[in-house]
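For reference, the structure is listed below as structure tokens.
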Amino acid sequence: MAATVEEADAAAPAYTVFYHGFGSGRAQVADLMLVDAQQPWQRKGKAEMMELSKSVFAVPAVYQHSTGIMMGQTTAQCAWLGQELGYAPRDGLQFYALKIACDIADMWSESYSKRQGIKLSPEASEHAQTMWLNDRFQKFVKVIEATRVEAAALKIDEDIAGWTYLLGPEPCYIDFALGAYNAMIERPLVKAYLETSEPELYHSVSAAAIGL
């Protein structure tokens with residue numbers, strides 16, 4: 001779990017993750033990488049981020065204390081943080097990773113939109129969600145899997161069946177972006193964090209807010 005400001009000052013945080021004061025949402029990708037890499041970090045809000053940099057349009061953003069780098073835009077942020085923490089894709093697979101990261105970003109964006117629709121028309125939205133899960137969501141899954149197969153073809157000495165994670169035997173940043181699938185949940189630090197962390201969903205699409 002993120003340290004409090006007071007705890008972080010004492011622990012000399014290496015990173016600050018800026019986000020809203022509720023839920024982990026899109027910041028969870030950075031949270032999980034920092035936790036898994038055992039890096040000291042803290043959470044702060046958008047106003048504090050704006051005091052440090054004007055280069056980020058919206059949270060989440062990640063600030064690296066040692067260099068002063070502030071990185072926004074979730075997909076770019078994840079690729080950069082992955083490089084810094086040892087979760088970069090292997091040589092030759094960088095653009096396959098970027099492509100999958102964009103697929104994942106689209107998938108999450110669409111899923112939030114469908115969930116928000118429940119507040120406007122519960123009956124129509126439930127039907128739309130079911131249609132999305134059976135159609136576009138399945139297409140996203142299939143294109144991600146097809147991308148893995150094409151990426152594996154570049155590693156001619158490897159069998160994709162031996163890939164525990166999306167692009168190999170070790171995780172890279174896209175695994176954290178996809179979230180809590182089986183291989184990631186089995187990582188002890190990730191599992192422990194998810195059991196005690198803030199909820200991932202924005203309040204506006206939480207079960208309580210939409211009446212579920």
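Taking NZ of Lys191 as the start and CD of Glu186 as the end, the distance is 10.5 Å to the nearest 0.5 Å. The CH2 atom of Trp41 sits 11.5 Å away from the CE atom of Met33 when rounded to the nearest 0.5 Å. Remark: Lys139 NZ to Asp106 CG distance equals 13.5 Å, nearest 0.5 Å. Taking CG of Asp103 as the reference point, atom CD of Glu145 lies at 12.0 Å (rounded to 0.5 Å). Taking OG from Ser53 and CD from Glu48, the interatomic distance works out to 14.0 Å, rounded to the nearest 0.5 Å. Taking CD from Glu110 and CZ from Phe140, the interatomic distance works out to 4.0 Å, rounded to the nearest 0.5 Å.
Smallest separation of non-hydrogen atoms from Gln77 and Ala61: NE2-CA, 3.4 Å. Here the closest heavy-atom approach between residue Val62 and residue Ala30 is recorded as CG2-CB, 3.7 Å. Across all non-hydrogen atoms, the minimal contact from Ala151 to Trp163 is C-CH2, 4.0 Å. In terms of heavy atoms, Thr74 sits closest to Pro60 at OG1-CG, 3.7 Å. Contact between Gln83 and Ala88 at its shortest, heavy atoms only, is OE1-CB, 3.6 Å. Here the closest heavy-atom approach between residue Leu178 and residue Trp108 is recorded as O-CZ2, 3.7 Å.
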(request) Go through the steps for Leu93 and Lys155 under the test side chain to side chain contact (heavy atoms under 4.5 Å, CB included), then give the verdict. (result) CA-CA 9 Å; Leu93 300 183; Lys155 301 292 184 180; 4.1 Å; yes

(request) Could you walk me through whether Leu32 and Tyr87 pass side chain to side chain contact (heavy atoms under 4.5 Å, CB included), step by step? (result) CA-CA 11 Å; Leu32 291 177; Tyr87 299 119; over 6 Å; no

(message) Could you go through Phe18 and Thr16, starting from their C-alpha distance and side-chain angles, then the distance that decides it, and tell me whether this counts as side chain to side chain contact (heavy atoms under 4.5 Å, CB included)?
(response) CA-CA 6 Å; Phe18 296 91; Thr16 295; 3.5 Å; yes

(request) Evaluate the criterion side chain to side chain contact (heavy atoms under 4.5 Å, CB included) for residue pair Val190 and Phe176; output intermediate values, then yes/no. (result) CA-CA 9 Å; Val190 169; Phe176 296 93; 4.3 Å; yes

(request) Output, in order, the C-alpha distance, side-chain angles, deciding distance and verdict of side-chain hydrogen bond (donor to acceptor under 3.5 Å, both in side chains) for Tyr19 and Asp31. (result) CA-CA 11 Å; Tyr19 201 54; Asp31 294 355; over 6 Å; no

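Ion pairing of Glu158 with Arg90 is present here, as a side-chain N (NZ or NE/NH1/NH2) and a carboxylate O approach within less than 4.0 Å.
No continuous path of ILVMFWY side-chain contacts below 4.5 Å connects Val59 to Phe57, so the two sit in separate hydrophobic clusters. Hydrophobic clustering keeps Tyr173 apart from Ile185 (ILVMFWY residues linked when any side-chain heavy atoms are closer than 4.5 Å, directly or through intermediates). Hydrophobic cluster membership is shared by Leu81 and Phe95, with clusters built from Ile, Leu, Val, Met, Phe, Trp and Tyr side chains linked at under 4.5 angstrom.
Listed for the Asp175 side chain is a donor-acceptor partner under 3.5 Å among the backbone atoms of Leu166. Between the side chain of Gln94 and the backbone N or O of Gly92 there is at least one donor-acceptor pair closer than 3.5 Å. Side-chain atoms of Thr147 come within 3.5 Å of backbone N or O of Val143 as a donor-acceptor pair. Side chain of Arg148 to backbone of Tyr165: a donor-acceptor contact under 3.5 angstrom is found. Put simply, the side chain of Gln39 never gets that close to the backbone of Ala14: no donor and acceptor are under 3.5 Å apart.
Ile174 pairs with exactly one of Thr75, Leu98, Ile100 by the side chain to side chain contact (heavy atoms under 4.5 Å, CB included) rule, that one being Ile100.
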